[in-house]
Protein chains: 2
Amino acid sequence: MPVSPIAPLSQMMAEYSDPSQCPVRNVLDQLGDKWSVLIISALAHRPYRFGELKREISDISQRMLTQTLRDLQADGLIERTVFPTTPPSVEYKLSPMGHSFLVPLSAMVDWAFEHFPAIREARQEFARAA
Amino acid sequence: MPVSPIAPLSQMMAEYSDPSQCPVRNVLDQLGDKWSVLIISALAHRPYRFGELKREISDISQRMLTQTLRDLQADGLIERTVFPTTPPSVEYKLSPMGHSFLVPLSAMVDWAFEHFPAIREARQEFARAA
DNA sequence: CTAGGTTGTCTCTTTTTGAGACTACGTGTA
DNA sequence: TACACGTAGTCTCAAAAAGAGACAACCTAG
């Protein structure tokens, strides 16, 4: 039962022969990143400060957290607010566009959750065959 | 208007403190990869042979194509069939599970396409501010 | 006056990716 | 006969990206 084929993307592959111009690749290269997904997921419930995020996503390096947050901010998915306390604290939260991204993202997450057992099984099967 | 929060994932972040055990990260680290997305998108319309894929996704290296195909096969998303012609040709096509992945994937693609203008604008704005 | 918490940056090492030559086989062409 | 071509890959080396951890600069609490 083939699902409705990814019409937009197939057009796009033909249309944007220069990969750097393709909207989908442009966007998903950034947002498909594993840290982006985790950060956006965390910010889905509530705003976080830098250090909170670092603790929540325990295995991210400070370097990648800084960098990914800045990229997401540049793309307009999150908003960064500095509070002039001492020490200054910085709050990150989803923008409206960031919120809208939760729709496709949660579809992905649901799929992953649902099919993880099958995938793990396939991996074991594949390892046996090799 | 906050969209229904990514309930599964937030549970998961708490539940699977060991990142390598988290189903979502496990799955999306592989499938969120840019080459995986492109390959799956290509295979969405029809089966492809190795060389065809390489031509279609013109900027992928043979090395990454080989590797990504093998990983997708290991995860059970694509099926690999060798035809004993001379020279032998190999056909790759989506498995049923691979097909089911098109649903969340196309949601992502649609979102990317829709919001690309806003993102590009945000990037320019951000660059100006910096 | 020292220790700790804040948001980052800088440097070094390791991992991942890209580029491109090479394999081995058969076919068509000169 | 010999030479290039197309098939699906592998192998090696260079370049890019990511991870680890020290450091900055500031204020507060003890």
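Bear in mind that the values here come from a model prediction, so they are computed numbers and not experimental data. Heavy-atom basis, side chains included; hydrogens, waters and symmetry copies ignored. Chain A is the first sequence line, chain B the second, and so forth, proteins listed ahead of strands; every chain is numbered from 1.
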Where the side chain of [X] is defined as all heavy atoms beyond and including C-beta, which of [options] is the nearest nucleotide?
X	options	result
A:P87	C:dT6, C:dT17, D:dA8	C:dT6
A:R55	D:dA8, D:dG19, C:dT6	C:dT6
B:Q62	C:dT6, C:dA21, C:dG8	C:dA21
A:S61	D:dT7, D:dA20, C:dT6	D:dA20

What integer distance in Å separates [X]:[atom1] from [N]:[atom2]?
X	N	atom1	atom2	answer
A:Q30	D:dA18	CD	P	10 Å
B:K54	D:dT10	NZ	P	14 Å
A:I60	D:dA17	CD1	C1'	14 Å
B:E52	D:dT7	CD	P	9 Å

For residues 123-130 of chain B, which side-chain N or O atoms pair as donor and acceptor with protein atoms under 3.5 Å away, sequence neighbours left out?
unit_1: B:R123; atom_1: NE; unit_2: A:D75; atom_2: OD1; d: 2.6
unit_1: B:R123; atom_1: NH1; unit_2: A:N26; atom_2: OD1; d: 2.8
unit_1: B:R123; atom_1: NH2; unit_2: A:D75; atom_2: OD1; d: 3.4
unit_1: B:R123; atom_1: NH2; unit_2: A:D75; atom_2: OD2; d: 3.2
unit_1: B:E125; atom_1: OE1; unit_2: B:R128; atom_2: NH2; d: 3.0

Heavy-atom nearest nucleotide on DNA chain D taken for B:S89 and for A:D33; more 5' hit belongs to B:S89

CG of B:L94 to CG of B:L77, rounded to nearest 0.5 Å, is 7.5 Å

Residues at least two apart in sequence or cross-chain that pass ring-ring contact (aromatic ring centres under 6.0 Å, His included) with B:W111, listed by chain then number, are A:F101, B:H115

Expected list for residues 63-81 of chain A near DNA chain C, using heavy atoms below 4.0 Å, is A:R63, A:T66, A:R70, A:R80

Discussion item. So B:F83, base contact, sugar-phosphate only, or nothing? Heavy-atom distance under 4.0 Å.
Written reply: nothing

Taken in chain and number order and not counting sequence neighbours, the residues that satisfy side chain to side chain contact (heavy atoms under 4.5 Å, CB included) with B:Q67 are B:R63, B:M64, B:D71

Those residues at least two apart in sequence (or on a different chain) that pass side chain to side chain contact (heavy atoms under 4.5 Å, CB included) with B:P47 are B:E91, B:K93

Applying side chain to side chain donor-acceptor pair (under 3.5 Å) to A:R55 and not counting sequence neighbours gives none

